[in-house]
Amino acid sequence: MAETSKTATLSIDGKDFELPMHSPTAGPDVIDIRKLYGQAGVFTYDPGFTSTASCDSTITFIDGDKGELLHRGYPIDQLASKSHYLEVCFLLLYGYLPKADELENFENTITRHTMIHEQMYNFFRGFRRDAHPMAVMVGVVGAMAAFYHDSTDINDPRQREIASHRLIAKMPTIAAMAYKYSVGQPFVYPRNDLDYAANFLHMCFSVPAEEYVVDPILSRAMDRIFTLHADHEQNASTSTVRLASSSGANPFACIAAGIACLWGPAHGGANQACLEMLKEIGSPENIPEYIARAKDKNDSFRLMGFGHRVYKNFDPRAKVMKQSADEVLDLLGVENNPILATAKELEKQALADPYFSEKKLFPNVDFYSGIILEAMGFPTSMFTPIFALSRTVGWVSQWKEMLNDPQNKIGRPRQLYLGETMRDYVDIENR
């Protein structure tokens with residue numbers, strides 16, 4: 001718990017109430033209102049909890065004004081350019097960068113947990129062929145509790161550890177199976193000789209009829225997408241995981257709840273929205289018209305993938321993601337893909353336009369990740385499942401941290417009730 005360095009005074013009807021304030025290692029001070037209702041008989045009102053700290057955490061810190069994202073103190077751009085996803089997973093889970101032998105043991109553990117229970121294959125076939133992959137993932141991840149009984153006891157540290165490894169290891173397999181099922185192709189088993197990102201691409205794009213070799217540029221780009229989406233502090237889906245966990249629910253149910261929340265277009269669908277915008281623009285010659293519309297306050301059109309609700313300056317993840325996007329497009333080309341050609345030209349024109357730079361509307365991570373996934377051949381319906389795959393380690397890390405917090409208690413937000421007051425029931429014949 002942060003130190004109580006000072007107090008805040010709240011005056012209500014001429015009576016003062018002293019509230020302790022806590023100072024974090026970074027970020028604004030926090031007023032502790034836990035005893036406010038008991039002392040003053042009032043609640044606070046904060047729709048969306050955008051001004052409320054619901055927990056203390058040591059995992060991720062964001063400073064939106066500075067464009068700063070830190071995992072355990074390490075800048076995201078350094079991690080994405082110098083590290084790789086499983087090393088970042090270790091960092092998020094355990095709080096420090098692993099030594100060589102620790103990382104090797106962790107990678108071996110994850111690699112050998114990638115297969116799913118054979119009976120779960122039957123579970124997939126219960127869905128319609130046109131089911132959205134996110135619907136499949138919510139169901140299958142939630143159903144893991146029915147298959148892995150030895151890792152559902154949240155009070156057993158060893159079982160929590162096993163569940164953490166299983167979720168990180170099996171999520172690529174589940175996401176790839178959801179994709180294969182949606183396109184009517186046979187499931188592909190994971191391979192222990194491939195790294196995490198390459199294995200996912202192999203399970204998505206290989207077929208029994210011919211050998212599939214994962215290009216290292218594509219594998220590296222995929223790994224960066226995973227890394228750049230690994231955790232993002234107390235966002236909607238992470239808060240959902242924590243809230244579900246506060247009831248004592250098993251880990252698989254908690255992560256399934258996070259996936260369900262991420263499915264919302266206001267959260268996990270940003271890169272899909274970027275691609276849909278690019279499809280609407282159609283071709284590079286239409287870009288000036290749409291840029292003019294984006295500047296018109298009376299026009300409902302907005303440039304998706306530019307600017308960020310949290311980052312008021314620039315998205316620190318975007319620079320590294322742009323590098324991968326350029327590498328992938330150089331490898332695969334854009335000549336025969338009007339969407340990608342439009343994306344590159346839109347990026348060029350928007351960055352050169354003073355209107356966007358003055359308003360700090362720079363391309364964000366969703367713009368570049370959407371371009372990469374489109375170039376790789378993923379349909380937009382798979383963008384959010386890949387996001388869920390990436391974010392699993394963040395959810396798991398936050399879940400583990402919450403269970404170890406002695407202040408942990410079941411979530412119970414309050415409300416500002418505006419409904420009817422007490423009234424008596426009227427028999428139906430007298431209404």
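Residue numbers run from 1 in the order of the sequence given.
Within the 3.5 Å criterion, the main-chain N or O of I281 finds a donor-acceptor partner in the side chain of N286. Judged purely by atom type and a 3.5 angstrom limit, T114 uses its side chain to pair as donor or acceptor with the backbone of T111. Looking only at distances, no side-chain donor or acceptor of S245 sits under 3.5 Å from a matching main-chain atom of V241. Between the side chain of D32 and the backbone N or O of P20 there is no donor-acceptor pair closer than 3.5 Å. A donor-acceptor contact shorter than 3.5 Å is absent between the side chain of N199 and the backbone of P190. The main-chain N or O of F61 is never found under 3.5 Å from a side-chain atom of E233 such that the two would form a donor-acceptor pair. Side chain of S357 to backbone of P354: a donor-acceptor contact under 3.5 angstrom is found. For H232 (side chain) and H229 (main-chain N/O), no donor-acceptor pair under 3.5 Å exists by modelled atom type. At distances below 3.5 Å, at least one donor-acceptor pair connects side-chain atoms of E102 with backbone N or O atoms of K99.
In this structure, NZ in K319 is found 13.0 Å from CG in L228, a value given to the nearest 0.5 Å. Between the CG atom of D223 and the CG atom of D195 there is a distance of 7.0 Å, given to the nearest 0.5 Å. Going from atom CG of D150 over to atom CD1 of I162 covers 5.5 Å, rounded to the nearest 0.5 Å. Atoms NZ and CD1, from K170 and I116 in turn, are 8.0 Å apart once rounded to the nearest 0.5 Å. Here the OG1-CD distance, from T342 to E347, works out to 13.0 Å after rounding to the nearest 0.5 Å. Taken to the nearest 0.5 Å, the CG atom of L346 stands 12.5 Å off from the CE atom of M304.
Here the closest heavy-atom approach between residue A375 and residue L340 is recorded as CB-CD1, 3.7 Å. For the pair S164 and W399, the tightest heavy-atom approach, listed with the atom from each and the gap, is OG-CZ3, 3.8 Å. In this structure, P251 and I154 approach most closely via the heavy-atom pair CD-CG2, 4.1 Å. The two residues R224 and A80 have their closest heavy-atom pair at NE-O, 3.3 Å. The two residues Y179 and C204 come nearest to each other via the heavy atoms CE2-O, 3.2 Å. For R293 against D299, the heavy-atom pair with the smallest separation is NE-OD2, 2.9 Å.
Each of H165, H113, H84 was compared with F106 under the ring pair (Phe, Tyr, Trp, His ring centres under 6.0 Å) criterion, and only H165 meets it. Put simply, the residue from H71, R391, Q398 that forms a side chain to side chain donor-acceptor pair (under 3.5 Å) with D231 is Q398. Partner of Y85 under the ring pair (Phe, Tyr, Trp, His ring centres under 6.0 Å) criterion, chosen from F90, F200, F226: F226.
Counted by atom type alone, Q349 and Y290 present zero donor-acceptor pairs between their side chains at under 3.5 Å. For the residue pair T7 / E18, a side-chain donor-acceptor distance below 3.5 Å is found, with atom types taken as modelled. Between the side chains of N235 and S237, at least one donor-acceptor pair of N or O atoms lies under 3.5 Å. Under the 3.5 Å distance criterion, with hydrogens and angles disregarded, a donor-acceptor pair is assigned to the side chains of S83 and E87. Under the 3.5 Å distance criterion, with hydrogens and angles disregarded, a donor-acceptor pair is assigned to the side chains of R34 and Q407. A donor atom on one side chain and an acceptor atom on the other are found under 3.5 Å apart for R72 and T58. A donor-acceptor contact under 3.5 angstrom links the side chains of E401 and S57, judged on distance only. No hydrogens or angles considered: a donor-acceptor pair under 3.5 Å links the side chains of D29 and S23. A donor atom on one side chain and an acceptor atom on the other are not found under 3.5 Å apart for D366 and Q272.
Between F378 and F205, the distance from one ring center to the other falls under 6.0 angstrom. Ring centroids of F306 and F367 are separated by less than 6.0 Å, placing the two rings close together. Taking the six-membered ring for Trp, F362 and F356 have ring centres at least 6.0 Å apart.
Ring pair H132/W263 is tilted by interplanar angle, where 30° to 60° counts as tilted. Relative orientation of the F252 and Y148 rings is tilted, given thresholds of 30° and 60° on the angle between their planes.
The closest side-chain heavy-atom distance from L167 to M171 is below 4.5 Å. Looking at heavy atoms from C-beta onward, N364 lies out of side-chain contact with R317 at the 4.5 angstrom threshold.
A salt bridge links K295 and D353; the closest N-O separation between the charged side-chain nitrogens and carboxylate oxygens is under 4.0 Å. Electrostatic pairing of E327 and R220 does not count as a salt bridge here, judged by no charged N lying under 4.0 Å from a carboxylate O.
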Stepwise, does the salt bridge (charged side-chain N to carboxylate O under 4.0 Å, His left out) test hold for D193 with R191?
-> CA-CA 6 Å; D193 62 317; R191 279 174 41 184; 2.7 Å; yes
What do the steps show when you test D153 against R160 for salt bridge (charged side-chain N to carboxylate O under 4.0 Å, His left out), and what is the final call?
-> CA-CA 7 Å; D153 183 357; R160 292 203 299 265; over 6 Å; no
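No more than 12 heavy atoms of other residues, nucleotides or ligands lie within 6.0 Å of CD1 in I31, so this atom counts as exposed by the packing criterion. Enclosure of atom OH in Y417 by more than 12 non-hydrogen atoms of other residues, nucleotides or ligands within 6.0 angstrom is indicated.
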